[in-house]
Amino acid sequence: MEENRLKGIIDLHIHTAPDVRQRKMNDLEIMEAAVKRGVRAVVIKSHVMPTVGRAQIVNRVKEEKYGDTSDFQMFGGVALNRFVGGINPWAVETALKLGGKLVWMPTNTAENDCKKQNKTNWVSVVRDGKIVPELKDVFELIRDYDAVLETGHISPEECRIVAEAARNAGVKKIVITHPEFWVVGMSVEEQARMVKDYDVLLEHVYAQPIGGGVYKKNLETNVEAMKAIGCEHFIVATDSGQTQNPYWYESIKEYIDYLYDVGGFTKEEVDRMTKENPAKMLGI
């Protein structure tokens with residue numbers, strides 16, 4: 001019988017339906033796939049709306065259907081794009097009061113993302129080398145609720161400014177969101193420096209869009225970064241859900257198989273990246 005390498009893992013980055021963009025799976029389908037494979041937890045993410053309430057409904061359905069036979073949990077958060085008013089402390093407070101765990105800095109409406117992809121109407125996190133004033137309130141909320149600050153699609157320089165201000169505000173949990181994504185564009189050397197200076201975790205994902213609806217897998221370069229910096233500083237996530245990519249459960253299985261079979265990582269190392277580090281971020 002084939003070993004179930006997905007048992008107990010946690011994925012902090014999955015895009016699901018309902019969404020304004022077509023997605024491969026909906027919230028309930030993710031739950032069913034996760035329960036079937038013994039997955040411990042997932043976080044559903046949206047660029048356009050908070051996902052906390054949706055996660056709570058899924059957890060209720062799971063409880064009624066599976067009871068104590070599954071310990072799976074779904075979590076949500078909020079991305080501070082223009083759709084929720086940008087850097088909006090009220091949106092953050094509401095999401096966290098409802099049980100949200102992750103607060104992403106702007107993603108597809110981040111200034112960095114918009115400038116690189118020739119879009120307008122962006123949301124800024126830094127002006128004149130300092131965080132925008134609204135972020136102070138956001139950081140205090142993240143700190144007080146012991147939530148996770150995710151950096152979204154901001155630039156490497158913005159990541160440094162945001163991480164420093166967040167640490168100074170008492171934020172304990174900071175994750176650099178897919179630094180390997182070309183829009184973020186953080187070199188391995190810059191990632192190592194972020195770890196050294198701010199004790200962040202680095203989230204590396206399965207694949208990234210490279211234009212024209214085409215995606216490329218990040219697995220080979222992810223392994224190189226993990227070996228260069230040390231896998232204790234990493235979180236493995238899929239960022240899955242696009243119609244062009246495999247189903248979520250296929251993406252995460254391929255990723256974990258690659259870490260073992262090609263990367264040569266030990267079970268302890270893989271568990272650190274797929275279970276322990278993400279569990280610490282969620283407080284479970």
* Would you please classify the geometry between the H178 ring and the F181 ring as parallel, tilted or perpendicular, with 30° and 60° separating the classes? =>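 Ring orientation of F181 relative to H178: perpendicular.
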
When you compare the side chains of [X] and [Y], does any donor N or O come within less than 3.5 Å of an acceptor on the partner?
X    : Y    : result
H204 : Q191 : yes
N245 : S240 : no
Y255 : N222 : yes

Counting only heavy atoms not in [X] (residues, nucleotides, ligands), do more than 12 fall under 6.0 Å from its [atom1]?
X    : atom1 : answer
K227 : NZ    : yes
Q244 : CD    : yes
E63  : CD    : no

Taking 4.0 angstrom as the limit, do [X] and [Y] come out as a salt bridge?
X    : Y    : result
E32  : K65  : yes
K217 : E254 : yes
E276 : K280 : no
E93  : K97  : yes
D146 : K172 : no

Out of [options], which one pairs with [X] under the side-chain contact (heavy atoms from CB on, under 4.5 Å) rule?
X    : options          : result
F139 : D144, V92, L149  : L149
Y145 : I142, V148, L141 : L141
M105 : T177, V125, V123 : V125

* What do the steps show when you test T109 against N81 for side chain to side chain donor-acceptor pair (under 3.5 Å), and what is the final call? -> CA-CA 6 Å; T109 64; N81 289 311; 2.8 Å; yes

* Asked: Looking only at heavy atoms, what is the nearest atom pair of I44 and A55, with distance?
  ->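 I44 and A55 have their closest heavy atoms at CD1-N, 4.1 Å.
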
* **Side-chain heavy atoms of R167 within contact of D199, under 4.5 Å** =>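 In short, these two side chains touch, coming nearer than 4.5 Å.
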
* Under 3.5 Å donor-acceptor, K275 side chain and R40 backbone ->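 Here the side-chain-to-backbone pair does not exist.
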
